[in-house]
There are 2 protein chains.
Amino acid sequence: MNLLFLGMTNPKPHYSIISEFVKKQIHEGLYPKGSLIPSENDLCIQFDTSRMTVRQALNELVKEGFIERKHGKGSFVKSERQSLGLLSFKGFSEVVGSADHEVKTLMVEPPAILPWPQGVFESMSRAESGEYFTLKRLRCADDAPVMLEYTYLPIEGFESLLSSDLVDGSLFKTLSVKFGVDMRNLEQCLRAIQADTTHSKLLKCPLGSPILAIERKYITNQTGLFVYSKLYCYTDHYSISNILN
Amino acid sequence: MNLLFLGMTNPKPHYSIISEFVKKQIHEGLYPKGSLIPSENDLCIQFDTSRMTVRQALNELVKEGFIERKHGKGSFVKSERQSLGLLSFKGFSEVVGSADHEVKTLMVEPPAILPWPQGVFESMSRAESGEYFTLKRLRCADDAPVMLEYTYLPIEGFESLLSSDLVDGSLFKTLSVKFGVDMRNLEQCLRAIQADTTHSKLLKCPLGSPILAIERKYITNQTGLFVYSKLYCYTDHYSISNILN
DNA sequence: GACAAGCACTTGTCTATACAAGATGAATTT
DNA sequence: AAATTCATCTTGTATAGACAAGTGCTTGTC
């Protein structure tokens, strides 16, 4: 069985091979958001396996938030990227209509390689060190800055990131498509602080105004690999909303 | 089959019956945190069913965060209550050791039945109304107040809550044990605001200091039933941390 | 005593099958 | 033409087995 993989000494279970195959196709755009993926029986035939195995594969994708299953209809693509920890903006001072906000991302500084920021993530990381690919970005909604984001990715294994562009401008999408790195889990730490001069300048908010500070540690599917983020949000005009489950 | 349920017109699938049975036993303290629950084969015999069905039941409990499975060893109880949206306190000004903090909950006012708080959750709720069981509580860590919590539960169907005490002082645990209501999902909205006089007095923080404001809508396993919460956190001495997956 | 083999127990992966139940469109009846 | 039935697609639930692989205890050997 499994003509596709004959000869390859593949330690991965079948359901894992199938779910990664489908996930890759979703990432490649073969099945855009909202579209129907092949039915369980189709996948059974395609991979010459039993339905329970295919179901386990698809349930993995449900758990990771890639697809949604509908009884009697089929499995639909939920989102092209993993929604884990995704923050969406929701205007609350102007709850007028459902006119979505235009979201832009600006690089505050060009991407750089810097040593591990000592003391910043002290409560979440144990003994990180070495060089980190560092991104300083400003997220804007409707041309108004709402979030200042510092992202730290260990450079080891990602040297090629420096020379290449990000897929769709998204670091996480790039990691998933080009390196097979997916975010599995997220640990975060929330505080309310007063804006300092940097925050005030970049977020265009008064000095000392309350801003939301979030420290994040993303746990990936590669053991030992973590991505860190520090977010500063000015929430007077836009609040930060998210959905957990 | 299923001697236990013969005669009951039970619309629920077997795996659901099994997972709720085990969940109830965990809640009742039969299997404390860290202990071993019966093996898959034991449950197969107990419920006269196949292993795949038992596995589906246990996987439900894993998904909900109640148990953890270890290959070759067994299934262990992870936590006595659902961790969904649970906020844990993590001192960051005193990251000394792993000495856990003593957490207490004080009632600011006795529980009351009040009409739906107009305008408070306007961005998350559509057309809520009627009477709500309202709790105003202050959460303390090591005797220091860190979080002010307003909770709103529709009174319909929960009239008996007024006369009875909360199980272990926890509203969510009471809902789960006595009413079979479990939190499935959480929608939240985060902001940083300035402390007003109420916040300042209760949270013992300076007037105008930055505090974290969180609006929450809990989606339950009973369609149409939502629990709302509004949290105010003073994060100068304690930050708010949580884990998503 | 130290080590290795074997055994019993656990969860993990997988097969092949069956029927239930929701969705949908075509064929049939009214 | 409208309504109903039916066939056929989908996913959901369930059975009864099989072997693999991790864990830990017992037993036997050196």
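All chains are named by letter (A, B, ...) in the order of the sequence lines, taking the proteins before the strands, and each is independently numbered beginning at 1.
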Give a yes/no on whether any side-chain N or O of [X] is located under 4.0 angstrom from OP1 or OP2 of [N].
X	N	result
B/Gln56	D/dA14	no
B/Thr53	D/dT13	no
A/Thr49	C/dC14	no
B/Tyr15	D/dA14	no

Rounded to the nearest angstrom, tell me the gap between atom [atom1] in [X] and atom [atom2] in [N].
X	N	atom1	atom2	answer
A/Ile45	D/dC9	CD1	P	11 Å
B/His14	D/dG12	NE2	P	18 Å
A/Leu43	C/dT15	CG	P	13 Å
B/Met52	C/dT11	CE	C1'	12 Å
A/Asn59	D/dT13	CG	P	10 Å
B/Leu36	D/dT23	CG	C1'	12 Å
A/Arg51	C/dT15	CZ	C1'	14 Å
B/Lys12	D/dT13	NZ	P	13 Å

Charged N-O contact under 4.0 Å between B/Lys78 and B/Glu68: no
Are A/Glu40 and A/Arg69 ion-paired here, with the side-chain N under 4.0 Å from a carboxylate O? yes
Within 45 degrees of the axis of the six-membered ring of B/Tyr228 and under 6.0 Å from its centre: does B/Lys217 put its NZ or CZ there? no
Which residue is it: B/Leu61, B/Ile17, B/Val77? I am looking for the one with a side-chain contact (heavy atoms from CB on, under 4.5 Å) to B/Val22. B/Leu61
Please tell me which of the listed nucleotides, D/dG12, D/dA14, C/dT13, lies nearest to the side chain of B/Ser50? D/dA14
In terms of side-chain heavy atoms of A/Arg55, which of D/dA14, D/dT11, C/dT13 is nearest? D/dT11
Aromatic contact, A/Tyr31 with A/Phe76 (centres under 6.0 Å): no
A/Phe66 vs A/His27, ring pair (Phe, Tyr, Trp, His ring centres under 6.0 Å): CA-CA, chis, key distance, verdict: CA-CA 10 Å; A/Phe66 286 103; A/His27 272 142; 5.7 Å; yes
What is the per-nucleotide protein-contact pattern of nucleotides 5-10 of chain C, from the 5' end, where B denotes a base atom under 4.0 Å from a protein heavy atom, S denotes such proximity for sugar-phosphate atoms only, and - denotes neither? -----B
For A/Phe179, run the ring-ring contact (aromatic ring centres under 6.0 Å, His included) check against A/Phe133, A/Phe158, A/Phe172 and tell me which one passes. A/Phe158
